[in-house]
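To start, the structure under review is shown below, and the notes come after it.
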Amino acid sequence: LAPEDRFAWNNLGIAQRARGNLPGATVSFRRALALDPAYESALVNVRQLEQDIAELGVQLRDKAKQAHPLGDDDLARVREADRDGNVDRAIALCEALLLSRPDEAAIPIELSRLYRVHGDPQSGIDVLNAFRATHPDDQDTLVALGKMLASEHDLKAAEPLLSSKVDSWQTGV
């Protein structure tokens, strides 16, 4: 309701962190800091979140290594765990992949798919938004987010994302 309110973004980040939505919290805290780079509460929250992510990354990597060592067919293992009905393992493996390879668009796209098909589409949207915050020109993520928003009947938000992809196809970009 108040996109220029640094306090609202910071509070949203706190709520997202409490729910375990670390990618969403990251985006919210960074938006608060974009509005006011000297905002001390957001700076403290970002530092704490980065520490949480580092600790969680180690835990997730250890947990994933116990299940299967990560290799070239990482997403195949994620999908296999999902097909076997082990959703928690699939999500843990995919989160570990995202932490270890944060620049590969296929990973947040797969993680968002897992969240959506298992009843938590908002977390999937948050993951894609968090990835887009650091990779704004990634077309695959743009399309995945547009499709996710459309599947959640948020056509107003989906349309510009999907139409920008159509425009780039028409112009050859």
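Basis for what follows: all heavy atoms, side chains included, without hydrogens, waters or symmetry-related copies.
With rounding to the nearest 0.5 angstrom, the CD atom of Gln48 is 11.5 Å from the CD1 atom of Ile14. Thr26 OG1 to Asn129 CG: the interatomic distance, rounded to the nearest 0.5 Å, is 12.0 Å. Asn86 CG to Leu93 CG: the interatomic distance, rounded to the nearest 0.5 Å, is 8.5 Å. Rounding to the nearest 0.5 angstrom, the gap separating the CG atom in Asp84 from the CZ atom in Arg77 is 13.0 Å. Between Leu75 atom CG and Leu97 atom CG the span is 6.0 Å, to the nearest 0.5 Å. Of the inter-residue distances, the one linking Asp154 atom CG with Ile125 atom CD1 reads 7.0 Å to the nearest 0.5 angstrom.
The ring pair (Phe, Tyr, Trp, His ring centres under 6.0 Å) contacts involving residues 73-109 comprise nothing, where partners must be two or more places apart or lie in separate chains. Listed by first then second residue, pairs satisfying ring pair (Phe, Tyr, Trp, His ring centres under 6.0 Å) with a partner in residues 29-51 read Phe7-Tyr39, not counting sequence neighbours.
When the side-chain hydrogen bond (donor to acceptor under 3.5 Å, both in side chains) test is applied to Asp36, the partners found at least two apart in sequence or on another chain are Arg6. Arg31 meets the salt bridge (Lys or Arg N to Asp or Glu O under 4.0 Å) test with no other residue; sequence neighbours excluded. Contacts of Phe131 classified as ring pair (Phe, Tyr, Trp, His ring centres under 6.0 Å), with partners at least two apart in sequence or in another chain: His135.
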I'd like a table of donor-acceptor pairs (distance under 3.5 Å, sequence neighbours excluded) in which one partner is a side-chain atom from residues 106-122, with atom names and distances.
{"residue": "Glu110", "atom": "OE1", "partner": "Arg79", "partner atom": "NE", "Å": "3.3"}
{"residue": "Glu110", "atom": "OE1", "partner": "Arg79", "partner atom": "NH2", "Å": "3.3"}
{"residue": "Glu110", "atom": "OE1", "partner": "Arg113", "partner atom": "NE", "Å": "3.3"}
{"residue": "Glu110", "atom": "OE2", "partner": "Arg113", "partner atom": "NE", "Å": "3.1"}
{"residue": "Glu110", "atom": "OE2", "partner": "Arg113", "partner atom": "NH2", "Å": "2.7"}
{"residue": "Ser112", "atom": "OG", "partner": "Pro108", "partner atom": "O", "Å": "3.3"}
{"residue": "Ser112", "atom": "OG", "partner": "Ile109", "partner atom": "O", "Å": "2.7"}
{"residue": "Arg113", "atom": "NH2", "partner": "Asp82", "partner atom": "OD2", "Å": "3.2"}
{"residue": "Tyr115", "atom": "OH", "partner": "Glu95", "partner atom": "OE2", "Å": "2.8"}
{"residue": "His118", "atom": "NE2", "partner": "Asp82", "partner atom": "OD1", "Å": "2.5"}
{"residue": "Asp120", "atom": "OD1", "partner": "Ser123", "partner atom": "N", "Å": "3.4"}
{"residue": "Asp120", "atom": "OD1", "partner": "Ser123", "partner atom": "OG", "Å": "3.3"}
{"residue": "Asp120", "atom": "OD2", "partner": "Ser123", "partner atom": "OG", "Å": "2.6"}
{"residue": "Gln122", "atom": "NE2", "partner": "Asp126", "partner atom": "OD1", "Å": "2.9"}

Determine all donor-acceptor pairs shorter than 3.5 Å in which one atom belongs to a side chain in residues 145-153; sequence neighbours excluded.
{"residue": "Ser151", "atom": "OG", "partner": "Met148", "partner atom": "O", "Å": "2.8"}

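Shown here for Gly13 and Ala25, the closest heavy-atom pair between the two residues is O-CB, 3.4 Å. Closest approach of Gln16 and Ser28 over heavy atoms only: OE1-OG, 2.6 Å.
Within the 4.5 Å cutoff, the side chain of Val87 has heavy atoms near those of the Ile91 side chain.
Cluster partners of Leu12, by chain and number: Trp9, Leu35. The rule joins Ile, Leu, Val, Met, Phe, Trp and Tyr whenever side-chain heavy atoms lie under 4.5 Å apart.
Look at Arg101 and Glu104 and you find a salt bridge, because one of the NZ, NE, NH1 or NH2 atoms lies within 4.0 Å of a carboxylate O, short of that distance.
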